Amino acid sequence: MRPLIGVTVSRRSGWRVFPFMAFAVWLAGGRALRWQTGYREIDLAAVHGVVIGGGDDIEPTLYGGELQLDVRLDPDRDALEQHVLRDAFERNLPILGICRGAQMLNVVLGGTLHGDAYAVHPSRRYRTVLPRKKVDVLQGTLLSHTARAACLRVNALHSQAVDRLGEGLRVAGRDDGGMVQAVERLSDPFALGVQWHPEYLVYRRAHRRLFRALVAAARARRDAICQLEAAEADAALPTFLER
């Protein structure tokens, strides 16, 4: 049976984002369940893994930051995703954080954010769903094994980015201006956060593999075996054996 993955989305844009998420999860061997504020009761006991999706900026008071102009906030979503992440860690559920989701993962683990990351880093600003931005993947990370690449072309829709790392996380990728573009946990439960939107890039194998890693970890959690080892083993499969 396909693992069930709970996916959080914005109440404003979830209707158009969730189909991309569901397709990406399905291609990876899972099933997706839509979660958003006011939509349905969230039951983490019913799922095998979690995706925290992108969209709204995170309230600066959650990480000691300053309010920026021209940002879109949703305090109810902040509260929902904090609850989902904390409960996921309690239940040992694997997590994939996408854009805002990577940032929220970092905040819940005690890290901080740059409210306006482009004011801090000399990174070229992109705002596109097309893979125009270059990310250097750090050697030896789970992301490097999963994507099978030292450099990825990604999209970019964010303004915030990771500043101080949360507990148990390491940097897995940076852009050419040094801005953090990916973080990952060093122990179970599996948790990978990427600053870009791989759900829009599933036509590229490297980005499909991010969802495969989550689903492999979800199966491992369901079978009570090591999630990181399962994700690493899946990453090592020959291409012709990929599900």
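Quick caveat: nothing in here was measured; it's all calculated off a predicted structure.
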Can you find a heavy atom in the side chain of [X] that is under 4.5 Å from one in the side chain of [Y]?
X	Y	value
Y118	M179	yes
E184	L192	yes
H114	V180	no
C151	D136	yes
K134	R153	yes
D234	R209	no
Y126	N155	no
P94	L214	yes

Output all residues satisfying side-chain hydrogen bond (donor to acceptor under 3.5 Å, both in side chains) with [X], sequence neighbours left out; order by chain, then residue number.
X	answer
R2	none
R185	S187
S10	D56

*Go through E199 and F18 one step at a time and tell me if the side-chain contact (heavy atoms from CB on, under 4.5 Å) criterion holds.*
CA-CA 9 Å; E199 71 273 23; F18 180 74; over 6 Å; no

So, for [X] and [Y], which heavy atoms are closest and what is the spacing to 0.1 Å?
X	Y	result
L201	P131	CD2-CD, 3.8 Å
A216	A231	CB-CA, 4.3 Å
C226	A220	O-CB, 3.8 Å
L44	V50	CD2-CG2, 4.4 Å
A172	L143	O-CD2, 3.8 Å
L93	G49	CD2-N, 4.0 Å

_If the condition is ring-ring contact (aromatic ring centres under 6.0 Å, His included), which residues does F89 pass it with, not counting sequence neighbours?_
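Scan of F89 (ring-ring contact (aromatic ring centres under 6.0 Å, His included), adjacent residues dropped) gives none.
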
*Kindly write out the residues that satisfy ring-ring contact (aromatic ring centres under 6.0 Å, His included) with H197, not counting sequence neighbours, or none if the list is empty.*
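ring-ring contact (aromatic ring centres under 6.0 Å, His included) list for H197, sorted by chain: Y200.
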
Any side-chain to backbone donor/acceptor pair from [X] onto [Y]? Under 3.5 Å, distance only.
X	Y	answer
H48	L4	yes
R164	G110	yes
R221	R91	yes

_Taking D76 first and then R11, would you say they form a salt bridge - that is, a charged N and a carboxylate O separated by under 4.0 Å?_
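A salt bridge is present here (some side-chain N lies under 4.0 Å from a carboxylate O).
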
*asked:* Can you tell whether the side chains of R219 and D223 come within less than 4.0 Å, N to carboxylate O?
replied: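 Judged by the 4.0 Å cut-off on N to carboxylate O distance, R219 and D223 do not form a salt bridge.
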
Nearest 0.5 Å, please: how far is [atom2] in [Y] from [atom1] in [X]?
X	Y	atom1	atom2	answer
D74	T37	CG	OG1	5.5 Å
I98	Q103	CD1	CD	12.0 Å
Q227	I95	CD	CD1	9.0 Å
I58	M104	CD1	CE	4.0 Å
M21	L33	CE	CG	13.0 Å
I5	F211	CD1	CZ	10.5 Å

*asked:* Using the rule given for side-chain contact (heavy atoms from CB on, under 4.5 Å), can you reason through H158 versus Q181, listing the C-alpha separation, both sets of side-chain angles and the distance that settles it, and then say yes or no?
replied: CA-CA 10 Å; H158 65 93; Q181 294 293 313; 3.9 Å; yes

*Check step by step if side-chain contact (heavy atoms from CB on, under 4.5 Å) holds for H207 and V154.*
CA-CA 9 Å; H207 300 288; V154 307; 3.9 Å; yes

Check whether [X] and [Y] end up in the same hydrophobic cluster, where Ile, Leu, Val, Met, Phe, Trp and Tyr are linked by side-chain heavy atoms less than 4.5 Å apart.
X	Y	value
F190	V25	yes
V108	L96	no
V215	W35	no
L105	L165	yes
V171	W196	no

Give every donor-acceptor pair under 3.5 Å between a side-chain atom in residues 79-86 and any protein atom, sequence neighbours left out.
from : atom 1 : to   : atom 2 : distance (Å)
E81  : OE1    : R100 : NE     : 2.8
E81  : OE1    : R100 : NH2    : 3.0
E81  : OE2    : T8   : OG1    : 2.7
E81  : OE2    : R77  : NE     : 2.8
E81  : OE2    : R77  : NH2    : 3.0
Q82  : OE1    : R86  : NH2    : 3.4
Q82  : NE2    : D78  : O      : 3.3

_Worked verdict on V7 versus R34 for side-chain contact (heavy atoms from CB on, under 4.5 Å)_ = CA-CA 5 Å; V7 180; R34 178 175 164 185; 6.0 Å; no

*Count the heavy atoms of every other residue, nucleotide or ligand shown that sit under 6.0 Å from CZ of R148, and state whether that count exceeds 12.*
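For R148, atom CZ is crowded (more than 12 foreign heavy atoms under 6.0 Å).
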
